[in-house]
Structures are given as structure tokens and as C-alpha cells.
Amino acid sequence: MISHIFKVITLLLFSTAISAQAAADKRIQPDVLYPRVKFETSLGDFTVELNRRRAPITVDNFLTYVVKGEFDGVIFHRVIGDFMAQTGGYDKNFQEKPKRDSIVNESGNGLKNDEGTIAMARMNDPHSAARQFFFNLNDNDHLNPGRNWGYTVFGEIDSNSEILEKFKQLETEFNPKLGQPDVPKQIVLIKRVTLLPQS
């Protein structure tokens, strides 16, 4: 009986190890702690360095969308000049893009919502982030975790950071299709997001 139980436990542990290895094998650039992506937008191009060391789940989720081209053709649908520029969820016709399962909130990773960082957007549920994200256009301390969950920062702009000034100057309005304010009057399009080769 004890021998049988031992065999079952061993089999379960072995299966778990195989599953974990399979999950690791599916990761994109699995050995790169700081993968870099290039954004080509209608306002200009810039690159972002992601931080897998501090936000591994978030980075893996983000890169999955990137390599499948699922951010190509989306717009910045919410921009507040002294706050943030949000994107990832809608195309230029204001149609919502399909999303995968939500991910675990990693806001307690020590990274702050400072100007120039990229962070996950979410609903009130702290673990509801999926595909939408934003760039901080200011130091937004109130988005960091405290008594409550914060918003997960998972990287920062590392080239052409002057792009932030262009976002800050955009004129916005209420958009009836989205039913929300702070939508840029001029469509700001992400033409393409590309994972850069390992360095």
C-alpha cells in the first residue's frame, strides 16, 4: 500500500515537472531577463525594455500578444496629458479586440509608476489585467501598491522617450462609440510592435 502511494506521488511530481518544463519551453526568449520591443506608431517610433525579473507573468503575457501581432493596428483610446496614455484594447474603428485570460497582479514587484514606464491597465478587480496597458506620462505614485493593490509596472521606454511629450499635447474629446472622455481627436495608431532580437 505504501509502495503504491509512493509511486502515485512520484508520478504526480514527475507530471508536474514535465508541465512546468513545457510551460517554460513555450516562453518567448525564455533566457532573456530584459527583452526589448519596438513600437512603430503614427506619432513616432520608440523602444521599450521589459523587466521579466520583476514581472515575469506580465512580461510573458505581453510578449504573447506581441509575437502574434495582436497589438498591430490598435489605437491609443484614452490619453490624459498629465497622467497616462492607454492602449491595447481597440482598433481604429473602436471595436474591442479579443483578449486572453486575465493575469495575476504583480504590482508589488518594486517597480514604480514613474514617468516613462509601461504598466498594465485593469478593472477594479486587481487581477483583471489582460491585454490593455498604458504609459505613465507623469510620476503617478497613487497607482503604486499601498493598502490596496497597485497597477503592475513591467518595463520602461529606453529610446526616444521624447515621444511622451507628443502624447501630452494631444487634444481629446468624448467619444460616443466608446462612451468615454479623453479619447484623442486624432487617431493615434500602433502600426506594429516587434520583439527585437536577443542581444
Side-chain angles (χ1 to χ4, degrees), residues 27-29 32-90 97 99-100 102-123 126-145 149-168 170 182 184 188-196 199:
R27 292 173 66 193
I28 298 150
Q29 291 187 359
V32 180
L33 290 176
Y34 302 99
R36 297 174 70 246
V37 294
K38 180 181 180 181
F39 280 78
E40 298 172 50
T41 82
S42 56
L43 284 184
D45 302 347
F46 57 95
T47 60
V48 172
E49 182 183 81
L50 307 176
N51 193 328
R52 181 177 265 141
R53 183 186 294 277
R54 295 289 186 90
I57 295 170
T58 307
V59 169
D60 287 346
N61 175 71
F62 182 81
L63 288 180
T64 299
Y65 284 101
V66 169
V67 298
K68 291 182 178 295
E70 294 186 26
F71 291 136
D72 301 355
V74 302
I75 61 168
F76 282 86
H77 65 277
R78 183 174 177 235
V79 177
I80 303 174
D82 60 350
F83 180 31
M84 60 88 214
Q86 185 172 339
T87 184
Y90 298 90
K97 303 285 284 182
K99 59 186 178 182
R100 295 186 178 79
S102 300
I103 57 173
V104 173
N105 188 310
E106 295 181 295
S107 62
N109 61 19
L111 299 177
K112 306 298 183 185
N113 282 274
D114 292 338
E115 183 175 4
T117 58
I118 183 173
M120 291 302 294
R122 61 173 174 80
M123 307 297 282
H127 308 293
S128 58
R131 65 172 293 152
Q132 291 195 35
F133 58 95
F134 61 91
F135 291 96
N136 283 292
L137 302 181
N138 207 338
D139 291 346
N140 295 313
D141 292 341
H142 64 287
L143 300 183
N144 297 327
W149 290 89
Y151 289 74
T152 302
V153 174
F154 61 102
E156 63 182 344
I157 295 176
D158 74 341
S159 80
N160 199 16
S161 58
E162 56 268 25
I163 194 82
L164 298 177
E165 294 305 316
K166 295 183 179 181
F167 281 108
K168 292 178 182 181
L170 288 173
D182 306 313
V188 181
L189 184 72
I190 293 179
K191 301 174 185 176
R192 189 179 181 195
V193 185
T194 309
L195 175 63
L196 297 178
S199 57

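The chain is numbered in sequence order, starting from 1.
Within the 4.5 Å cutoff, no side-chain heavy atoms of L63 are placed close to those of Q29. Looking at heavy atoms from C-beta onward, I190 lies in side-chain contact with F39 at the 4.5 angstrom threshold. Using a 4.5 Å heavy-atom threshold, the side chains of I118 and F135 count as touching.
Under the 3.5 Å distance criterion, the side-chain polar atoms of T152 are matched with a main-chain donor or acceptor of S107. Judged by distance alone, with hydrogens and angles left aside, the side-chain atoms of N61 form no donor-acceptor pair with the main-chain N or O of R131 at under 3.5 Å. Side chain of H127 to backbone of N105: a donor-acceptor contact under 3.5 angstrom is found. Side-chain atoms of K99 never come within 3.5 Å of backbone atoms of A130 as a donor-acceptor pair (strictly under, hydrogens ignored). With hydrogens and angles disregarded, no donor-acceptor distance shorter than 3.5 Å links the side chain of N113 to the backbone of V153. No donor-acceptor pair under 3.5 Å is formed between the side chain of T117 and the backbone N or O of G155.
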_Evaluate R122 against S128 for side chain to side chain contact (heavy atoms under 4.5 Å, CB included), listing each step before the verdict._
CA-CA 5 Å; R122 61 173 174 80; S128 58; 3.5 Å; yes
_Walk me through whether N51 and Y34 qualify under side chain to side chain contact (heavy atoms under 4.5 Å, CB included)._
CA-CA 5 Å; N51 193 328; Y34 302 99; 3.5 Å; yes
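Each salt bridge (charged side-chain N to carboxylate O under 4.0 Å, His left out) pair with one or both residues in residues 35-50, not counting sequence neighbours, appears once here: R36-D158. Applying the salt bridge (charged side-chain N to carboxylate O under 4.0 Å, His left out) test to residues at least two apart or on different chains, the pairs with a partner in residues 107-118 are E115-K168.
Between the CD1 atom of I28 and the CZ atom of F62 there is a distance of 11.0 Å, given to the nearest 0.5 Å. Here the OG1 atom belonging to T47 is positioned 11.0 Å from the CD1 atom belonging to I163, to the nearest 0.5 angstrom. Note that the CD atom of E156 and the CG atom of L50 stand 10.5 Å from one another [nearest 0.5 Å]. In this structure, CD in E106 is found 3.5 Å from OG1 in T58, a value given to the nearest 0.5 Å. Atom CD1 of residue I157 and atom CZ of residue F46 lie 5.0 Å apart, to the nearest 0.5 angstrom. In this structure, Y151 OH and H142 NE2 are separated by 8.0 Å, a value rounded to the nearest 0.5 Å.
For D60, the salt bridge (charged side-chain N to carboxylate O under 4.0 Å, His left out) criterion is met by R27, R52, not counting sequence neighbours. Every residue meeting the ring-ring contact (aromatic ring centres under 6.0 Å, His included) condition with F76, not counting sequence neighbours, appears here in chain and number order: F167.
Of all the heavy atoms in V188 and S42, the pair that sits closest is CA-OG, 3.4 Å. Minimum interatomic distance between P35 and V59 (heavy atoms only, all atoms of both residues): CG-CG1, 4.0 Å.
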Scan the side chains in residues 65-73 for donor-acceptor partners under 3.5 Å anywhere in the protein, sequence neighbours excluded, and list what turns up.
| residue | atom | partner | partner atom | Å |
| --- | --- | --- | --- | --- |
| Y65 | OH | R100 | N | 2.8 |
| E70 | OE2 | R100 | NH2 | 2.9 |
| D72 | OD1 | V193 | N | 3.0 |

Solution key, residues 78-86 side-chain donor-acceptor pairs under 3.5 Å, sequence neighbours excluded:
| residue | atom | partner | partner atom | Å |
| --- | --- | --- | --- | --- |
| R78 | NH1 | Q86 | OE1 | 3.3 |
| Q86 | NE2 | Q132 | OE1 | 2.7 |

